[in-house]
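Just below is one structure, and these are the notes that go with it.
Side chains included, hydrogens not; waters and symmetry mates left out as well; all remaining heavy atoms used.
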Amino acid sequence: MTETVEFETSAWKVWLLAILGVPFLLIGADFFFEQKLFGWFRNLIYGTEELPAFEPRDKILAALFVVGGAALILWGLKELVFPKKVLVADNEGLRLAVAGPFRPPVLVPWSVLTDVSYEVIDDEGDDRPSVLVEISDRAGLPDHPWGARWVGEGVLLIDTAGWSPDAANIVESLWRLRQSVQAPTTE
């Protein structure tokens with residue numbers, strides 16, 4: 001019997017990033033089309049004075065706003081519909097998304113996993129829920145992990161602030177799965 005435990009990025013944070021892209025897209029598109037928003041600001045600031053024409057650098061900035069806003073919206077919608085699995089645990093071990101944004105997850109077999117614990121880290125006055133993963137062999141894991149950091153020899157600190165569910169539930173689920181995987185089966 002294969003049991004799998006999956007954890008993904010929080011939908012709320014992704015949704016907020018997608019909403020952040022909307023003003024960028026609107027401002028950039030307004031510049032290229034009707035300039036109603038820009039016209040209103042221009043009239044508010046300069047009154048009826050004649051303004052110089054927009055320069056090429058203004059068009060480049062507006063294009064960057066359109067591209068950046070559209071990218072944030074599309075990425076946010078993609079993450080809402082198909083959220084990225086940041087940690088998957090199954091009978092083989094843990095699959096951690098620490099190799100980079102467009103790379104496959106790294107497998108940490110149960111045999112090299114020595115401990116998993118929950119910890120709240122003080123990050124310049126901000127409490128960050130985290131999972132500490134202690135392993136005996138770092139083979140296959142990057143020296144500079146994405147969304148995590150090495151805090152000791154074989155100790156990986158993973159920031160879980162944007163994950164769903166919270167870090168305490170993650171650790172509890174991992175221990176239950178590890179015990180069920182390592183328990184001798186009788187058939």
Side-chain angles (χ1 to χ4, degrees), residues 1-21 68 70-187:
M1 182 174 117
T2 302
E3 185 176 348
T4 303
V5 178
E6 298 177 342
F7 303 100
E8 54 198 33
T9 54
S10 173
W12 285 106
K13 291 188 179 189
V14 173
W15 177 246
L16 290 175
L17 275 175
I19 289 175
L20 178 66
L72 278 173
I73 292 168
L74 291 174
W75 177 76
L77 291 175
K78 179 259 174 208
E79 285 294 319
L80 284 173
V81 176
F82 305 106
K84 180 179 182 179
K85 306 291 186 223
V86 288
L87 187 148
V88 176
D90 57 19
N91 291 348
E92 294 179 41
L94 301 180
R95 296 182 198 289
L96 302 171
V98 293
F102 300 110
R103 296 195 175 134
V106 178
L107 175 65
V108 177
W110 290 115
S111 60
V112 300
L113 187 72
T114 56
D115 192 21
V116 178
S117 59
Y118 164 73
E119 194 167 317
V120 177
I121 304 297
D122 181 27
D123 184 25
E124 297 178 4
D126 187 23
D127 290 341
R128 309 283 296 187
S130 304
V131 171
L132 282 170
V133 178
E134 294 182 35
I135 56 174
S136 59
D137 183 13
R138 284 177 52 168
L141 287 164
D143 290 333
H144 303 286
W146 182 271
R149 66 177 182 242
W150 293 106
V151 293
E153 188 61 38
V155 180
L156 185 64
L157 176 70
I158 305 171
D159 182 12
T160 62
W163 291 17
S164 178
D166 63 10
N169 289 336
I170 292 170
V171 170
E172 183 180 328
S173 299
L174 291 177
W175 277 114
R176 276 195 312 249
L177 179 61
R178 183 176 185 187
Q179 289 172 351
S180 70
V181 167
Q182 293 180 339
T185 57
T186 57
E187 294 185 27

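With sequence neighbours excluded, the residues satisfying salt bridge (Lys or Arg N to Asp or Glu O under 4.0 Å) with Lys85 are Glu6, Glu8. For Asp137, there are no salt bridge (Lys or Arg N to Asp or Glu O under 4.0 Å) partners at least two apart in sequence or on another chain.
Of the options Asp126, Leu157, Asp159, a side-chain contact (heavy atoms from CB on, under 4.5 Å) to Ile121 is made by Leu157 and by none of the others.
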Could you give the side-chain donor-acceptor pairs of residues 140-155 under 3.5 Å, partners two or more places apart or in another chain?
from	atom 1	to	atom 2	distance (Å)
Asp143	OD1	Arg138	NH2	3.4
Trp150	NE1	Pro142	O	3.0

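Contact of the Val98 side chain with the Val86 side chain is not registered, since no non-hydrogen atoms from C-beta on lie closer than 4.5 Å. Between Leu96 and Leu156, some side-chain heavy-atom pair lies under the 4.5 Å cut-off. Side-chain atoms of Leu17 and Val14, non-hydrogen and from C-beta on, never get closer than 4.5 Å to each other. The side-chain heavy atoms of Trp110 and Leu177, taken from C-beta on, include a pair separated by under 4.5 Å. Using a 4.5 Å heavy-atom threshold, the side chains of Leu174 and Leu94 count as touching.
Between Trp175 and Val116, the shortest heavy-atom distance links the atoms NE1-O, 2.8 Å. For Ile73 against Ala18, the heavy-atom pair with the smallest separation is CG1-O, 3.4 Å. Between Ala99 and Val106, the shortest heavy-atom distance links the atoms CB-CG2, 4.0 Å. Annotation for Ser136 and Ser111: closest pair OG-O, 4.5 Å, computed over non-hydrogen atoms.
Looking only at distances, no side-chain donor or acceptor of Ser130 sits under 3.5 Å from a matching main-chain atom of Val120.
The salt bridge (charged side-chain N to carboxylate O under 4.0 Å, His left out) pairs that include a residue from residues 94-111 are Asp90-Arg95, Glu92-Arg95, where partners are two or more places apart or lie in different chains.
Atom CG of Leu77 is separated from atom CH2 of Trp15 by 7.0 Å, given to the nearest 0.5 angstrom.
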